[in-house]
Asker: 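Submitted below is the structure of interest, expressed as structure tokens.
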Amino acid sequence: MTIKPDPSTEIPAELGNVHFVGIGGSGMSGIARLVLGDGHRVTGSDVRDSANVQALRELGAEIAIGHDAANLPDDVDTVVVTGALWQDNPEYQLALERGVPVLHRSQALAALIGGRRLVSVAGAHGKTTSTGMIVTGLLALGARPNFVNGGVIEGLGVSAAAGDGELFVVEADESDGSFLLYDTSVALITNVDPDHLDHYGSREAFEQAFVDFADRARELVVISSDDAGALRVTERLSHANIVSFGEAEGATVRVHSIETDGPVAFALSYRGAEYRARLRVPGRHNAINAAGAFAVLVGLGFDPQLALDGIAGFAGTGRRFELHGTVGGVSVYDDYAHHPTEVAAALAAARTVVGDGRIIAVHQPHTYSRTQAFAKEFAEVLEQYADETVVLDVYGAREDPVPGVTGALVSERFDDAERVAFIADWQEAADHTAQIARDGDFVITLGCGDVYRIVPQLLASLERQRG
């Protein structure tokens, strides 16, 4: 069993020396960066070295590779853990034995937020991009927010930073209910597409968590007008200040006139006025993400046109349609998409910029429970939006293997078996992808596990085939 946040845990008034177990993750590394910035000694561990680990070391963190009880310092005052850890983790167990306060990462973040004016971005998809858009917009408007995002914001080169104002912007994680721990002022809900049912047990419970999250917001709720789950949540809200955004006719911030031939352009209708923008990123979904970010910024009191101009400077985030290289006319991208809706959005965006080339998806299913629940839906969107698909085996993350649940569950549900291959061995998958690639094609790895680590193999295989 993995570690879940315990709302009854008392957060220490002073964190003191802090040890992070799983420090290299996107959320954990961002929190560690802020803790370092506050002058605390930071130690930590992770299963492998990474760019996040290296960056934290350069800031003064002491980080071990591999989990071992010996990593826990004798003078540690607080231990911070991620929900991706198993409860038998030796560092976690030793902290419990010693009586050291152990905080889930969401509780550590809550401690850092303190009494600041908090913007919390939640939703099954689009959180990282929307958070990045809000932060980019605020910086362009002259504000200097504190923020913790789930991915590196291009142009800033970091996923988290301390500011000097009252605003704090966070990507709020709904996967384990931890977004309910925050004292939110402005809540943005990008969508409520059913996910994480292994934690919630039912769609109804999942949606109720969003109702609770929104109704607790002190000032404002910004919520999608288009997503079916968000509409059901909206109907159940008792909040006095709700702003909707999307393409629906009745949306408070209505997106229209979307142009997807290249970086997406669109218009927004808001309070009888029209505003236009062209982003630096492609995809219809990003026009809608921008509308949500716009609603947050104007809700905070900023000028509408200046807010939209600021958002237009957003250049993307790490692992969201991120180009890693081009070999022999074939471009290799990586994307975090790990739910059918996200995969459809990512590949549809790629289609708008690939030109005459084809799209080859390299899909890594994430968790056994999600693969079981959505194998048919993954197959449908991959077959619809990609020209060729390579399916890797399941990345189990926090879950134990389930007999019979492999990537083949997805590939077997394609109508056209000629357009898909299930290949568990990564080198074989990379070689197969390089063999079928043509000039102008985009190869896009998809998944929130470690599929990004196949990118160097893909580039090397392309170099052998086409270099």
Side-chain angles (χ1 to χ4, degrees), residues 24 26 47-55 65 151-152 154-155 157 262-263 280-283 315-338 342-343 346-366 382-383 385-395 406-408 410-411 414 417-467:
S26 56
V47 292
R48 65 176 63 90
D49 213 336
S50 67
N52 286 340
V53 167
Q54 292 294 340
I65 300 304
V152 172
E154 298 294 335
R280 296 173 61 186
V281 291
T317 57
R319 297 218 60 212
R320 272 68 178 179
F321 197 54
E322 182 180 8
L323 178 63
H324 282 263
T326 300
V327 177
V330 178
S331 299
V332 178
Y333 292 83
D334 174 53
D335 197 279
Y336 194 74
H338 56 283
E342 295 172 344
V343 169
L347 295 181
R351 183 67 66 189
T352 66
V353 291
V354 72
D356 294 331
R358 302 174 308 153
I359 294 174
I360 303 173
V362 180
H363 169 63
Q364 182 189 53
H366 184 261
L382 288 164
E383 191 159 17
Y385 291 99
D387 298 285
E388 301 278 353
T389 298
V390 176
V391 181
L392 304 176
D393 217 342
V394 178
Y395 182 86
T406 71
V410 176
S411 63
F414 271 61
E418 296 298 316
R419 292 175 51 199
V420 63
F422 168 55
I423 307 175
D425 182 88
W426 279 22
Q427 190 57 59
E428 291 180 16
D431 291 342
H432 173 79
T433 302
Q435 289 165 6
I436 63 175
R438 306 172 188 164
D439 285 354
D441 287 355
F442 283 4
V443 174
I444 307 175
T445 58
L446 299 162
C448 68
D450 62 355
V451 68
Y452 62 90
R453 298 177 64 207
I454 200 176
V455 168
Q457 289 174 266
L458 288 166
L459 291 169
S461 292
L462 286 166
E463 189 67 44
R464 287 193 294 272
Q465 287 283 333
R466 310 179 62 82

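We count residues from 1, following the sequence as given.
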Asker: Grab the two heavy atoms, one from V353 and one from P282, that are nearest each other, plus how far apart they are.
Answerer: CG1-CB, 4.0 Å
Asker: Indicate the atoms forming the closest heavy-atom contact of N52 with G24, along with that distance.
Answerer: ND2-O, 2.9 Å
Asker: Who are the salt bridge (charged side-chain N to carboxylate O under 4.0 Å, His left out) partners of D450, not counting sequence neighbours?
Answerer: R453
Asker: A346: what forms a side-chain contact (heavy atoms from CB on, under 4.5 Å) with it, not counting sequence neighbours?
Answerer: D335, A337, L446
Asker: For A350 and I444, work out which heavy atoms get closest and say how close.
Answerer: CB-CD1, 3.5 Å
Asker: Can you list the residues that meet the salt bridge (charged side-chain N to carboxylate O under 4.0 Å, His left out) rule with D431, with sequence neighbours excluded?
Answerer: R464
Asker: Sequence neighbours left out, what passes side-chain hydrogen bond (donor to acceptor under 3.5 Å, both in side chains) with H363? Give chain and number order.
Answerer: none
Asker: Residues two or more places apart in sequence or in another chain: which of them pass side-chain contact (heavy atoms from CB on, under 4.5 Å) with A434?
Answerer: S461, L462, Q465
Asker: Only counting residues at least two apart or in another chain, list the ones meeting ring pair (Phe, Tyr, Trp, His ring centres under 6.0 Å) with Y333.
Answerer: F321, F442
Asker: Check step by step if side-chain contact (heavy atoms from CB on, under 4.5 Å) holds for L392 and V451.
Answerer: CA-CA 9 Å; L392 304 176; V451 68; 3.8 Å; yes
Asker: What is the minimum heavy-atom distance between G407 and V391, and which atoms define it?
Answerer: O-CG1, 3.4 Å
Asker: Determine the minimum heavy-atom distance between Y336 and E342, stating which atoms define it.
Answerer: O-OE1, 4.4 Å
Asker: By side-chain hydrogen bond (donor to acceptor under 3.5 Å, both in side chains), which residues pair with S331, not counting sequence neighbours?
Answerer: T326
Asker: For R351, is there an ion pair with D387 - N to carboxylate O distance below 4.0 angstrom?
Answerer: yes
Asker: Any ring pair (Phe, Tyr, Trp, His ring centres under 6.0 Å) involving residues 445-467? Give me the pairs, sequence neighbours left out, ordered by first then second residue.
Answerer: none
Asker: Could you tell me if the side chain of I360 sits less than 4.5 Å from the side chain of I436, heavy atoms only?
Answerer: yes
Asker: Examine distances only and state if a side-chain atom of R320 and a backbone atom of G318 form a donor-acceptor pair shorter than 3.5 Å.
Answerer: yes
Asker: Got a sec, which residues hit side-chain hydrogen bond (donor to acceptor under 3.5 Å, both in side chains) with Q457, two or more places apart in sequence or on another chain?
Answerer: Q427
Asker: Test side-chain contact (heavy atoms from CB on, under 4.5 Å) on V362 and V443 and set out the steps.
Answerer: CA-CA 7 Å; V362 180; V443 174; 3.9 Å; yes
Asker: Going through the checks in order, is the side-chain contact (heavy atoms from CB on, under 4.5 Å) test met by T445 and L458?
Answerer: CA-CA 10 Å; T445 58; L458 288 166; 3.6 Å; yes
Asker: Applying side-chain contact (heavy atoms from CB on, under 4.5 Å), run through R280 and E154 and close with a yes or a no.
Answerer: CA-CA 11 Å; R280 296 173 61 186; E154 298 294 335; over 6 Å; no
Asker: For R466, what residues pass the salt bridge (charged side-chain N to carboxylate O under 4.0 Å, His left out) criterion, not counting sequence neighbours?
Answerer: D439
Asker: I'd like to check the side-chain hydrogen bond (donor to acceptor under 3.5 Å, both in side chains) partners of D49; sequence neighbours left out, ordered by chain and number.
Answerer: Q54, R57
Asker: Determine the sole option in D441, L459, T433 for which the side-chain contact (heavy atoms from CB on, under 4.5 Å) test with V332 is passed.
Answerer: L459
Asker: Restricting to non-hydrogen atoms, name the atom on A421 and the atom on H432 that form the minimum distance, rounded to 0.1 Å.
Answerer: CB-NE2, 3.9 Å
Asker: Go through the structure and list residues passing salt bridge (charged side-chain N to carboxylate O under 4.0 Å, His left out) with R319, not counting sequence neighbours.
Answerer: D334
